[in-house]
J.: 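Handing you this structure, nothing more for now.
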Amino acid sequence: MIATINGFIKRRPNLKNVFILSFFLFFSRGLGLVRQIIIYQKMDPISSDLLLASTKIPDTIVSLLLMGTVISSILPVTSRIHSKISHKEANKYINLMLITIISILGLVSLIGLIFTPYFLRLTTSPQTINNFVQAGVFNDYISTTRILLLGPILFGLQSIFGVFLNIKNRFLVYSWAGTIYNLGTILGLLFGQRNDYFSASTGMMLGALTTAVIFVIESKRAGYKFYKLTNLLPSIKSSYHTHKKDLWLTWKIFAPRVFLLNGLVISNLLINAVAQNNGQITAFDIGLSIQGVFFSVISSATIVAFPNLAKTFNQKSNSGEFWNKLRKYTTGILGLAFLGTIITIIFAPLVMRIFELFGRGQQTGNYIILIARITSIALIFQSGLEILSKYFFVRERVWQPIIISNSGLIIQVILLYFLVSNSFDSGIAVSISLVANFGFSFFVALYFLYIDYINKS
């Protein structure tokens, strides 16, 4: 039996990588739920809202400049250089991107640090701001956000070295990122006092820092070479001269993709902007966490699929192999997503029972279950969109992903404010609008893909 399984996996090397990523992403999601349980039990609604609201500006920066943007813009170019020129030249190209992206993230984070109070008032609902002011914690809101603004730089390092590890098929360490981050948060919560959002946010950043260090060490073990400090400027100049065309092509693709707005991140930002009562931000965040457990499998499959699709396209772009692979990945992922949605709808109450085993918590269990069930419908469209987006990134398309993302965003925002203006609960309204975003975006992506398939372009 074991020999049969080993033989099956050997004939499908990508399946092994999917298993590795799925295991650690599931483990990370499990730790994420543990983190949410501790927040639910150890913090009152206003303190947990403050902690989670503090993540919104850093998360938005990560979403705009990193999430999907870095890997979707850099990996196809790196794959092409690696396949058609050499590993050494791919290394030089990634070094150039590392310097430019970390410089930009440093500048953006610095601006965020200086203007934190202004940005918080701009993105947080007046009711929530007033609740924080009345509780005497608004300055804590500013300080916690500033601690978390170190995150974009650390996640930037992870993203760049993640590209290198993807190309090298080193998925084991790559899959640890969420696990280490959640462990850091959990330790910060456990060692802190009740309602101690400072310890929790510090734990988050220590987890992110540890992950970045591990990514760098693993990349060096896989053959990554930094520029020598004694020869830094000449090395940069030489690499720029060799890869100037690749560098500017990447930024030509990268810059517009800043406007690729992830529906989940936007939903987390929108709940800040429309929250009406204490605890709504926390409830929505926990509901999304329950919904997102099965997305870990989807993420692992698409992470493995991306470099494989890029390699197939670069080597055999005129054959039907690329389209066959894309079809198989898409149908498989949609099947997993449908199963995950059904399981979430059925077992969400059981998950909340686990949350409440350790005490009364914040007594919003039924509300969280409802949010989890509504947003689980988005999982199907989100998963389909996740794999279809890889097609446009492999083809190094610029405007189609932006049209897809922003058309869904427009639908989401219009529907949200229509529902809120008609006295819908904020958390439910944000949940419904999230489903509409992913659903609309998925069908727009299918339309573009169908046009390309018909034309075989």
Side-chain angles (χ1 to χ4, degrees), residues 25-26 28-40 43 45 48-49 51-60 62-63 67-68 123 128 178 181-182 185 204 261-275 277 279-299 337 340-345 347-352 354-355 361-362 364-383 385-386 408-409 412-413 415-416 419 424-439 441:
L25 288 173
F26 253 128
S28 173
R29 289 288 184 176
L31 289 175
L33 289 177
V34 172
R35 177 197 68 202
Q36 299 287 30
I37 290 171
I38 297 172
I39 290 173
Y40 187 71
M43 290 187 168
S48 61
D49 278 1
L51 174 64
L52 296 172
S54 298
T55 67
K56 307 308 182 188
I57 290 177
D59 283 354
T60 302
V62 170
S63 176
M67 189 182 293
T123 58
T128 302
Y181 178 77
N182 280 325
T185 309
M204 289 180 187
L261 304 172
N262 182 277
L264 291 175
V265 175
I266 294 302
S267 292
N268 271 311
L269 194 61
L270 288 171
I271 189 64
N272 257 33
V274 298
N277 304 306
Q280 278 184 323
I281 295 173
T282 303
F284 183 76
D285 192 78
I286 294 174
L288 278 186
S289 295
I290 296 172
Q291 171 265 3
V293 168
F294 283 94
F295 192 66
S296 58
V297 180
I298 308 301
S299 297
T341 296
I342 298 300
I343 292 174
T344 302
I345 290 172
F347 290 102
L350 178 61
V351 175
M352 278 312 304
I354 295 171
F355 268 64
Q362 299 182 14
T364 52
N366 290 334
Y367 183 53
I368 292 170
I369 291 168
L370 180 57
I371 289 173
R373 284 173 164 170
I374 294 171
T375 55
S376 70
I377 300 170
L379 179 65
I380 299 172
F381 302 119
Q382 178 191 7
S383 301
L385 192 62
E386 184 77 6
L409 175 64
Q412 181 178 10
V413 172
L415 180 58
L416 170 63
L419 293 174
F424 265 71
D425 174 87
S426 294
I428 305 304
V430 175
S431 302
I432 293 172
S433 66
L434 175 64
V435 176
N437 181 336
F438 281 129
S441 299

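For this chain, numbers begin at 1 and follow the sequence in order.
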J.: So how far is it from Tyr40 OH to Ile354 CD1, rounded to the nearest 0.5 Å?
T.: 13.0 Å

J.: May I ask you to test the Phe284-Asn268 pair for a side-chain heavy-atom distance under 4.5 Å?
T.: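 When only atoms from C-beta onward are counted, Asn268 and Phe284 do touch, with a gap below 4.5 Å.
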
J.: Looking at side-chain heavy atoms only, is the closest gap between Gln412 and Ile266 below 4.5 Å?
T.: yes

J.: State which residues pass side chain to side chain donor-acceptor pair (under 3.5 Å) with Ser441; sequence neighbours excluded, sorted by chain then number.
T.: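 Ser441 satisfies side chain to side chain donor-acceptor pair (under 3.5 Å) with Asn437 only.
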
J.: Check whether Ser426 reaches the backbone of Val274 with its side chain - one donor and one acceptor, N or O, closer than 3.5 Å.
T.: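 At least one qualifying donor-acceptor pair exists.
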
J.: Quick check: do Thr128 and Asn272 have side-chain heavy atoms less than 4.5 Å from each other?
T.: no

J.: Can you give me the closest heavy-atom contact between Ala337 and Ile380, atom names plus distance?
T.: CB-CA, 3.8 Å

J.: Testing Ile428, Leu434, Val430 one by one against Ile371 for a side-chain contact (heavy atoms from CB on, under 4.5 Å), which residue passes?
T.: Ile428

J.: So how far is it from Tyr367 OH to Met352 CE, rounded to the nearest 0.5 Å?
T.: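 Output value for this atom pair is 13.0 Å.
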
J.: Taking the side chain as everything from C-beta on, heavy atoms only, tell me whether Gln36 gets closer than 4.5 Å to Ser48.
T.: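 Gln36 does not reach Ser48 side chain to side chain.
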
J.: State the CD1-CG distance between Ile290 and Asp285, to the nearest 0.5 angstrom.
T.: 10.5 Å

J.: Taking the side chain as C-beta and beyond, is there a heavy-atom pair between Met204 and Leu51 under 4.5 Å?
T.: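 Yes, side chains in contact.
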
J.: Specify the closest pair of heavy atoms between Thr60 and Val265, including all atoms of both residues, with the distance to one decimal.
T.: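 Looking at all heavy atoms of both residues, the closest pair is CA-CG1, 4.1 Å.
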
J.: Rounded to the nearest 0.5 Å, how far does CD1 of Ile432 lie from CG of Leu415?
T.: 7.0 Å

J.: Quick one: does Thr282's side chain get under 4.5 Å of Met43's, heavy atoms only?
T.: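 When only atoms from C-beta onward are counted, Met43 and Thr282 do not touch, as no gap falls below 4.5 Å.
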
J.: Distance-only, no hydrogens or angles: does the Thr185 side chain make a donor-acceptor pair with backbone N or O of Tyr181 under 3.5 Å?
T.: yes

J.: Please round to the nearest 0.5 Å and tell me the distance separating atom CD1 of Ile271 and atom OG of Ser431.
T.: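 Answer rounded to 0.5 Å: 7.5 Å.
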
J.: Find the distance between OG1 (Thr375) and CG (Leu370) and round it off to the nearest 0.5 Å.
T.: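 Thr375 atom OG1 to Leu370 atom CG measures 9.5 Å (nearest 0.5 Å).
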
J.: Do you know which two heavy atoms are closest between Arg373 and Pro349, and how far apart they sit?
T.: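 In terms of heavy atoms, the two residues are closest at NH2-CG, 3.4 Å.
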
J.: Identify the heavy atoms of Ser383 and Leu379 that sit nearest to each other, and give their distance.
T.: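 Shortest heavy-atom contact: OG-O, 2.7 Å.
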
J.: For Val413, does its backbone N or O pair with a side-chain atom of Ser433 as donor and acceptor, under 3.5 Å?
T.: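 The answer is no, because no donor-acceptor pair under 3.5 Å joins these two groups.
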
J.: Identify the two heavy atoms, one from Asn182 and one from Gly32, that lie closest to each other, and give their separation to 0.1 Å.
T.: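 Looking at all heavy atoms of both residues, the shortest contact is ND2-N, 3.6 Å.
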
J.: If you compare all heavy atoms of Asp49 against all heavy atoms of Asn277, which two are closest, and at what distance to 0.1 Å?
T.: OD2-O, 4.1 Å

J.: From the options Ile38, Ile39, Leu31, Leu33, select the one residue that forms a side-chain contact (heavy atoms from CB on, under 4.5 Å) with Arg35.
T.: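 So the option named by the test is Ile39.
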
